[in-house]
Amino acid sequence: MIKQLLVIVLVSLASISFAQNNLAQNRIIKVSSENTNAIGSAKKMVDGQVSESSQWVSNGNDPSWIVIGLDKVNKIGGIHLYFNMPNSKPAEEFRAEFKRNGQWQSIPSANVTANKFNEVALAFDATVDVVTDSIRIVLTKTKNDNFVIKEICVWPENRLGLPQFGTEVTGYVGHPEPYVPKIYINQSGYNLGKPKRFTAPLTDNGTIFNIVEKGKTNSLFRGKIINNIGDFSAFNPVSEKEYVIVADTFKSFPFRIGMWWIERVTYQNAINFMIDSRHYVGNYTKKCSGTYGWRDDSHFGWELHTLVPQYLSNPEAYLRMPHQVSYQAPADSTLWGALKPYNESAPDIVKLIHWGADVIVSQKLTHEHFKGQLAYFLYAWPYIKQWLPQQNYDVVKKFAFEVWQLKTVDKSYAYNESDGHDMLALKTKIGTTKGALPPGASIIPNLMMYEVAKREKVEDAEMYFDSAYNQVKWMIEKLDWNDPIITKGQRMSEFITMTSLTYMLNQYPDRAPVGLKQKIADWADVVIRRSDNMWDFRKLDDKEAWCPTGTLPQHWNEVGNIVGFPAAIISMVQYIDNNDKANRLHEIAYAQLDNSFGRNPCGRHCSFDAEAEIEGVDLGWYHQHPGGIGQLENARFVLEGSPKNAHYPYHPERGDIGWTEGWVSFNVAYNLSLAYMAWIDTKFDVSGDKKWKTIRLKVPLNFDYKKTETVTVDLTNKNGEITKLILTEESKNSEYFSAKIKIRASNTTVSYGLGYFRKSVLMN
């Protein structure tokens, strides 16, 4: 059964005078039947009053219909329906249709099943433009003897969504809370030792806040709210209790503070989404147009760009996950199968990496972004080959080298903005807000191909490095960080730009173009300036624009940039010499995560199913998009909604406005943030004498607070020989894993992580 996708507005059942722009008020109405013995009549449904004496009752509970004739052709944005007498059930199933060219046409976003609510607001999405002079409501299922409707409102399209009654939206489908608390927090919880902040828009400057244990009143931490922000970063209790923030007359939702809390509640979820959303073999196996490896990926899904870093950054976390994926042979060998199957013992993340590469080479996809994905596979080969046949590497390598400099493309791709597909060519075109062509997309793929070419002893390996170098040099000279289209205007692909620049500086510090570090620092200044607001939210520009906007009411849904922004910040913060600036950047990075977890003007997590899927979340996003190209609504952990420009700086009353839809490109941005969060927090500490050493590793792996866990690290001697060493968690709820060993050779290195995410320390 499809979950109901509605915003419910709880209003008084007393008479209400509706806004003048209700297109249905006092219009001509026709019905399939009417119970003449009941109070009211059909025309009462559009008299602007909600009451028991002002209603329509059908003659029986067979499918019924209502037709509303408008005074002229209008573009319709949505409808409100008010059902039922006291102690009766609302209509369970119904739909809205509109007349076009003399025929009734369905409205996909207004097809309702399993309704339980008496007052329903249905906002039409952009699947179809509802331009008409007639609306029909078809009612098909009820548990009553009759259908009963007290009032129908029809609203014209409005960028701010459907009109609301009262000062705020007070209830939503499937959720019992009567309101959103006016203290906005990360509803799930905060990481120990990380920035912990909240927003209180309605409090006076200097208001005292207290943190109390849920259900108790004794203050455990006290602070002041300054400019509508409270900071409790210094509050780091090691416990499994829930806490509540109290300030003035307001009280927050309960939340947790825990070791690697954000990672703990989302690592498995992130992989679950990638498993479910695959094309043909995920949880929706029918053909989806314009998609390839993952449903709705087009050519800018960035899947291997993020899956590979995830694994490299924290391999143990993915090795210990349960196995959900098994190889499925294709019914059509042109879709996948060019790569021989993996060993079933492989972790799911490796199977996903295999899948992504297999689809690209099997379908011979030559778009520049798909070619870039193959570079990640080839680069990661030494770390994943234990589960994969050598044939995989040989096939991918052959295809990648053959098409790398190919200028043309194999097919016409939707939303393609590329000028050409030669990966060595200088890329000077900046993509639009669609996010299909972010600056610097060729840098990391070329640098990875450089390493692969050197490994394969390719004679002209330097050309890959030269291409990346020239691209970075051009970006230093030409990119203006003040121009929103260069950064936040990329909507969900911005992480590509900054992580590409920092990759060059991190991996090739002595060969990077002059001015790169300063260019990165300049970006940080813009970020800090544009995040100076009560949400710590990085705005689109220095004026009144908070989020990308466009010409249509559904523009734009930018959850990808929000959840991917920590990757961009964490990748570059090491190059900020000023400690105050570095600390502020960390605050901003975690504030964007908090934004996606409810610290936003809507007070909601960006995933519709968050309440069921993420521990501690109280309110998921308003609705999910049914169908669409990706058919993602039933995948797990879909990141699908974000506050729109009109919600800021603080307009929760505007409710469910703009476009909401899951997209692979949103989730992969979060995947990369998880990778960089693991990388920055992975640290070794070695102590002892020349013979005996105590090795301690801090790493995001303590996800079970009641279990002593382990992690395997590499010991590499001066000859390059590797032995495995198991470190054990120092207590059941510790951030450190350790072991004491006897060093048998000088110049031994201990390391964790792989490739460019490897962290190591020399033990002399």
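Within the cation-pi definition used here (under 6.0 Å to the ring centroid, within 45° of the axis), Arg604 qualifies as a partner of Tyr622. Both tests do not hold together for Arg758 against Tyr383: distance to the six-membered ring centre under 6.0 Å, angle to the ring axis within 45°. Annotation: cation-pi pair Arg538/Phe565 present, NZ/CZ under 6.0 Å from the ring centroid and within 45° of its normal.
Using a distance-only test at 3.5 Å, with no hydrogens or angles considered, no donor-acceptor pair links the side chain of Trp260 to the main chain of Phe703. No donor-acceptor distance shorter than 3.5 angstrom exists from the side chain of Asp231 to the backbone of Arg197, with no hydrogens or angles considered.
Dense packing is recorded around NZ of Lys683, with more than 12 heavy atoms of other residues, nucleotides or ligands lying under 6.0 Å away.
The aromatic rings of His305 and Trp302 sit perpendicular to each other, their planes meeting at more than 60°, with 30° as the lower class boundary. Relative orientation of the Tyr342 and His354 rings is perpendicular, given thresholds of 30° and 60° on the angle between their planes. Classification of the Tyr267-Tyr318 ring pair by plane angle, with boundaries at 30° and 60°, yields parallel. Classification of the Tyr292-Phe370 ring pair by plane angle, with boundaries at 30° and 60°, yields perpendicular. Aromatic ring pairs are classed by plane angle as parallel below 30°, tilted from 30° to 60° and perpendicular above 60°; the pair His605 and Phe637 is tilted.
Aromatic pair Trp679/Tyr756: centroids not less than 6.0 angstrom apart. Remark: aromatic rings of Phe757 and Tyr676 are close, center separation under 6.0 Å. In summary, the aromatic rings of Tyr280 and Trp355 are positioned with their centroids too far apart to meet the 6.0 Å limit.
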Verdict with supporting geometry, Tyr752 and Asn314, side-chain hydrogen bond (donor to acceptor under 3.5 Å, both in side chains):
CA-CA 8 Å; Tyr752 181 75; Asn314 199 358; 2.6 Å; yes
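A ring-ring contact (aromatic ring centres under 6.0 Å, His included) with Phe255 is found for one member of Phe235, Phe597, Phe232 and no other, namely Phe232.
A salt bridge is defined here as a Lys NZ or Arg NE, NH1 or NH2 lying under 4.0 Å from an Asp or Glu carboxylate O, and Asp681 with Lys194 meets this definition. A salt bridge is defined here as a Lys NZ or Arg NE, NH1 or NH2 lying under 4.0 Å from an Asp or Glu carboxylate O, and Glu558 with Lys644 fails to meet this definition.
Under the side-chain contact (heavy atoms from CB on, under 4.5 Å) criterion, Pro382 pairs with Arg455, not counting sequence neighbours.
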